[in-house]
Amino acid sequence: MTMTKADEAAIEKTLLGLVAERGVGKTICPSEVARALGGPHPDGWGPLMQPVRRVAVRLAHAGQVAILRKGKPVDPDDFRGIYRLALPGAATGSGLGNQSGV
């Protein structure tokens, strides 16, 4: 079943679940959230990318997720381009992916 429109509660639940499942020190791509809700075809998940971003920004303001660019936390109100999502502790932790010591 594909969804063309997911409400914010479904996006929030999916996003928080995927980030928690991935664990501290690991990140998810926002498209993973969109694909989980909209299915594998771009017509299903593509339109969900902006709503996922809006929910991610709201959750970052609430301290529930961290928005990262190139492994570093960004201002939720001022970031562009490719970003990743993580548990808040991961943003201040030492090991994000393979970037140890960087």
| query | If you round to the nearest 0.5 Å, how far is CG of Leu16 from CD1 of Ile11? | reply | 11.5 Å

| task | Considering non-hydrogen atoms only, spot the tightest contact between Arg53 and Gly81 and give its length. | result | NH1-O, 4.4 Å

| request: Output the distance between atom CH2 (Trp45) and atom CZ (Arg35), rounded to the nearest 0.5 Å. | output: 4.0 Å

| Minimal non-hydrogen separation, Pro47 against Pro42, with atom names | CD-O, 3.7 Å

| task | Indicate the atoms forming the closest heavy-atom contact of Pro51 with Leu48, along with that distance. | result | CD-O, 3.2 Å

| Where do Phe79 and Val57 come nearest, in terms of heavy atoms and distance? | CE2-CG2, 3.8 Å

| query | What pairs with Ala56 under side chain to side chain contact (heavy atoms under 4.5 Å, CB included), at least two apart in sequence or on another chain? | reply | Leu15, Ile67, Leu85

| Are Val24 and Leu18 joined in one hydrophobic group, where the rule is that I, L, V, M, F, W and Y side chains link up if heavy atoms are under 4.5 Å apart? | yes

| field | side-chain hydrogen bond (donor to acceptor under 3.5 Å, both in side chains) against Asp77, all qualifying residues, sequence neighbours excluded | value | His61

| Qualifying side-chain hydrogen bond (donor to acceptor under 3.5 Å, both in side chains) pairs with a residue from residues 9-19, counting only residues at least two apart or across chains | Glu12-Arg58

| note | The salt bridge (charged side-chain N to carboxylate O under 4.0 Å, His left out) partners of Arg22 (sequence neighbours excluded) come to Glu32

| field | Validation row: Gln64, Pro88 side chains within 4.5 angstrom (heavy atoms) | value | no

| Side chains of Leu68 and Val74: does their closest heavy-atom pair fall under 4.5 Å? | no

| Under the side-chain hydrogen bond (donor to acceptor under 3.5 Å, both in side chains) test, which residues partner Arg84, sequence neighbours left out? | Thr27

| request: Using the side chain to side chain contact (heavy atoms under 4.5 Å, CB included) rule, take Val65 and Leu87 through it: C-alpha gap first, then chi angles, then the decisive distance, then the call. | output: CA-CA 5 Å; Val65 298; Leu87 291 171; over 6 Å; no

